[in-house]
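Remarks on the structure that follows.
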2 protein chains.
Amino acid sequence: MQDKITAILRKHQLSITEARKKILSLFWETGNALAHGDIEQKSSEDFDRVTIYRTLQTFVEKGIIHTIPTSDNSVRYALCKDECAAGHHHDDHVHFICDDCGTTYCIDEVSVPKVKLPKGFSAIQTDLVISGTCNKCEQ
Amino acid sequence: MQDKITAILRKHQLSITEARKKILSLFWETGNALAHGDIEQKSSEDFDRVTIYRTLQTFVEKGIIHTIPTSDNSVRYALCKDECAAGHHHDDHVHFICDDCGTTYCIDEVSVPKVKLPKGFSAIQTDLVISGTCNKCEQ
DNA sequence: AATATTTTGCAACAAAGTTGCATTGTTGTA
DNA sequence: TACAACAATGCAACTTTGTTGCAAAATATT
Ligand SMILES: [Mn+2]
Ligand SMILES: [Mn+2]
Ligand SMILES: [Zn+2]
Ligand SMILES: [Zn+2]
């Protein structure tokens, strides 16, 4: 597990630091997407807030994590699959945010459908975000 | 135009105030979606920041405007069509955010495709947000 | 092990968002 | 039109979130 994490950092040519290992392992352990605030709560005793901002930014740039847009001004981040690289994300799956528990899921098995845009518009990224009730909160 | 605006407010049983008329007319004039910050810039001399927060919240609750999720922690708001009402939005069109000029469009002519979710997940709202280059910024 | 490079923490700051309460504005009724 | 009831606004004070520069610490390279 620690090996896996250092391997990811090495692969993306990032120096291996405590903060990066810890934040990466948080994503790995929870399995779901995390907001900046979530990470801060789970590691505020270990690291400064600023380090978290900078680490998340680095991870996005390197293609280690991707962003998930939200309507509550709290972007979520989730681990990318192997195909993602610096400057080129390939996370074309659907995202789900539970209104009950707030958990944000990468629904890897459902891919984002292609849509045809009006003349003059060209797409670089498409995000499909669904909110509702997740399988754990289903009554 | 002023008539149209007061009619909307009346229809949703909101008292008619300067702030609400001004903010609604901003949406009407620009035609595109606006972030809180945009509205603040265009009306900061007329109204307090707090009033803008409260007005946007009221408009969303009443079904006058809808939110558009983003990955930059700055939710956009846009006018709803007539079918939206308090507690029930029906804005199932695609949204487009231009990476160049930042303009956010409601693409009314393209509707959000239905997707089948894994067992246990039930959707309440689906947002499809595309970013890229808009028809005005196309080289 | 010594040096070069990168990352981190801290401090100071700026921007964004929230809340309570007195004042002002709006609405419906007399 | 005047009045009372109610709702919206402005202001102040505050909290939370995000940014920046720089010295110290950690990591990588030789
Ligand atoms: Mn994802
Ligand atoms: Mn829209
Ligand atoms: Zn849930
Ligand atoms: Zn544009």
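Letters A, B, ... mirror the listed sequences (proteins, then strands); counts begin at 1.
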Send over the distance from [X] [atom1] to [N] [atom2], rounded to a whole Å.
X     : N      : atom1 : atom2 : value
A:Y53 : D:dT19 : OH    : P     : 7 Å
A:D72 : D:dT17 : CG    : P     : 11 Å
B:Q13 : D:dA8  : CD    : C1'   : 17 Å
A:Q57 : D:dT17 : CD    : P     : 18 Å
B:F47 : C:dT23 : CZ    : C1'   : 17 Å
A:L56 : D:dG18 : CG    : P     : 10 Å
B:I52 : C:dA15 : CD1   : C1'   : 14 Å
A:I39 : D:dG18 : CD1   : P     : 11 Å

For B:D46, which contact category applies under a 4.0 Å heavy-atom criterion: base, sugar-phosphate, or nothing? sugar-phosphate
Taking the side chain as every heavy atom from C-beta outward, state whether [X] and [Y] have any atom pair closer than 4.5 Å.
X     : Y     : answer
A:P69 : A:H95 : no
B:F59 : B:I23 : yes
B:L56 : B:V60 : no

Atom pair NZ/NZ of A:K22 and A:K42 - distance to nearest 0.5 Å: 10.0 Å
Decide if the gap between the ring center of A:F121 and the ring center of B:Y105 is smaller than 6.0 angstrom. yes
I'd like to know if the side chain of B:R76 and the backbone of B:S74 have a donor-acceptor N/O pair within less than 3.5 Å. yes
Is it the case that the side chain of A:H93 and the backbone of A:I107 share a donor-acceptor pair, with hydrogens and angles ignored and the cut-off at 3.5 Å? no
Would you say B:R49 places a side-chain N or O within less than 4.0 Å of OP1 or OP2 belonging to C:dA16? no
Determine: side-chain N/O of A:N73 to OP1/OP2 of C:dA16, distance under 4.0 Å, yes or no. no
Side chain of B:A19, heavy atoms from C-beta onward: which of D:dG18, C:dG9, D:dT9 has the nearest atom to it? D:dT9
Identify which nucleotide among C:dC10, C:dT8, C:dG17 has an atom closest to any side-chain atom of A:T55, counting heavy atoms from C-beta outward. C:dT8
How does protein contact run along nucleotides 20-30 of chain D, one letter per nucleotide 5' to 3', with B for base contact, S for sugar-phosphate only, - for none, heavy atoms under 4.0 Å? BB-----SS--
